[in-house]
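Residue numbers start from 1 in every chain, and the chains themselves are labelled A, B, ... in the order their sequence lines are given, proteins ahead of strands. Only a predicted model underlies this, so the values are computations on that prediction, with no experimental measurement involved.
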There are 2 protein chains.
Amino acid sequence: MILSKSCEYAIRAVVYVAAKTVKEERVGIIEIAEAIGSPVAFTGKILQTLTRKKVLASSKGPNGGFYIIDPASVYLIDIVRAMDGNEIFTACVIGLTTCSAERPCPMHHQMKPIRDQLRIDFSNRSVYEMVQAFEENNYFLK
Amino acid sequence: MILSKSCEYAIRAVVYVAAKTVKEERVGIIEIAEAIGSPVAFTGKILQTLTRKKVLASSKGPNGGFYIIDPASVYLIDIVRAMDGNEIFTACVIGLTTCSAERPCPMHHQMKPIRDQLRIDFSNRSVYEMVQAFEENNYFLK
DNA sequence: AGAATAAAAGATATATTTGTCTTCTATTAA
DNA sequence: TTAATAGAAGACAAATATATCTTTTATTCT
Ligand code: FES
Ligand code: FES
């Protein structure tokens with residue numbers, strides 16, 4: 001599994017929240033969890049983290065809920081970094097304490113391009129694009 | 001982290017064992033763990049699994065130890081499948097229960113090519129090649 | 001001001017992964 | 001055939017990830 005379960009839920013949640021935001025709506029934990037098929041309380045914790053890390057925003061009280069400031073300026077990589085950190089883009093595939101061309105493991109030269117491609121793809125994929133995919137073309141979040 | 005820690009240790013261990021095998025030597029748990037910088041007992045368990053799955057072979061008693069039948073016919077993907085299963089090549093990046101073009105998540109079309117490339121690279125990389133890299137060109141296992 | 005709503009925070013629980021330790025079994029060599 | 005060696009197997013322990021529950025805080029509406 002390339003991403004932690006928390007991170008998987010996080011991405012799905014952000015896309016769902018963003019889809020609501022573009023319709024000028026805020027959305028609560030229960031509806032989000034239902035929409036993406038995740039455990040409610042755990043999803044709450046994840047949304048809390050995302051809000052602390054400024055990926056999402058939230059407001060309390062009636063008509064409160066989660067929303068996203070600007071879906072076009074948040075990228076997939078921001079969600080991944082918020083939840084799992086940057087290591088998946090930098091750490092050695094077979095767990096050496098450092099990964100570098102100077103001290104490579106026997107897989108380094110094969111893996112580095114793939115890892116870089118992953119970073120590029122994650123960096124170029126905005127939440128806004130994912131919302132468009134989700135809305136327009138029959139993509140799924142659960 | 002793309003691979004489990006067990007799988008990381010497993011790959012490093014197999015390369016080390018194979019490097020010994022090509023020199024007609026068998027090697028014990030303690031030396032393996034030392035060589036790859038892993039906990040001895042845990043490494044023992046992993047080697048046990050690899051032997052059960054026919055990635056490695058072992059013999060007990062004096063002059064016993066681990067070895068590999070044919071380094072050229074074992075591929076990286078065999079080690080990964082033995083330890084982590086096939087899911088990393090097939091499961092949805094954001095955790096949907098199924099991954100398919102018919103029911104894609106908003107990342108499917110970006111991720112599928114990368115995942116396929118990973119499978120191809122892992123399928124084409126034989127243990128023998130990794131041993132050559134390790135021996136000839138200053139590659140590292142810890 | 002008071003009641004209702006909804007997220008934040010913190011404590012607790014469960015599951016999985018990682019790691020250790022002890023005993024058992026097979027092999028070798030004297 | 002006995003002692004030494006080394007992996008196999010199983011029980012146990014610690015750490016981390018996943019998940020739940022309760023209390024608190026902020027906001028809105030009446
Ligand atoms: S050193 Fe292992 S991937 Fe770079
Ligand atoms: S459905 Fe998510 S990667 Fe294929």
Nearest to the side chain of B:K5, heavy atoms from C-beta on, is which of C:dT18, D:dT18, C:dA8? C:dT18
Does a distance-only test, which skips hydrogens and angles, find a donor-acceptor pair under 3.5 Å between the side chain of B:K45 and the base of D:dG10? yes
DNA chain D: 5'-proximal contact among A:G61 and A:C7 (nearest heavy atom): A:C7
OP1, OP2 of C:dG19 versus side-chain N and O of B:Y9: anything below 4.0 Å? yes
Look at the side chain of A:K60 and the base of D:dT25, then say whether one donor and one acceptor between them are separated by less than 3.5 Å. yes
Rounded distance (Å) that lies between atom P of D:dT25 and atom CZ of A:R52: 17 Å
Rounded interatomic separation in angstrom, taking CZ from B:F42 and C1' from D:dC12: 15 Å
Would the distance check show the side chain of B:S38 and the main-chain N or O of B:E34 forming a donor-acceptor pair, the cut-off being under 3.5 Å? no
Take A:P62 and A:T51, find for each the nucleotide of DNA chain C with the closest heavy atom, and name the residue whose nucleotide sits nearer the 5' end. A:P62
OP1 or OP2 of D:dT5 under 4.0 Å from side-chain N/O of B:N63: no
Just to verify, which of A:L76, A:V15, A:D121 counts as forming a side chain to side chain contact (heavy atoms under 4.5 Å, CB included) with B:M107? A:L76
Between atom CD1 in B:I30 and atom C1' in C:dC21, what is the gap in whole Å? 14 Å
Atom CZ of B:R26 and atom C1' of C:dT27 are separated, to the nearest Å, by 11 Å
When you check the phosphate oxygens OP1 and OP2 of D:dT27, does a side-chain N or O of A:S59 lie under 4.0 Å from one of them? no
Rounded to whole angstrom units, what separation is found between the CD1 atom of B:I46 and the P atom of C:dT17? 13 Å
Any side-chain donor paired with an acceptor under 3.5 Å for B:E31 and B:Y16? yes
Below 4.0 angstrom, N of the basic side chain to O of the carboxylate: do A:D116 and A:R119 qualify? yes
Which one, D:dT18, C:dT18, C:dT20, comes nearest to the side chain of B:S4? C:dT18
Test item: B:R125 side-chain N/O and A:P106 main-chain N/O as donor-acceptor pair under 3.5 Å: yes
Spacing between A:E25 atom CD and C:dA6 atom P, to the nearest angstrom: 14 Å
So what does A:G65 hit on the nucleic acid, given a heavy-atom distance under 4.0 Å: a base, only sugar-phosphate, or nothing? sugar-phosphate
Round to the nearest Å and state the distance from B:F66 atom CZ to D:dA8 atom C1'. 9 Å
I want to check one thing: is the phosphate of D:dG7, taken as OP1 and OP2, less than 4.0 Å away from some side-chain N or O of B:S58? no
Between atom CG in A:L50 and atom C1' in C:dA9, what is the gap in whole Å? 16 Å
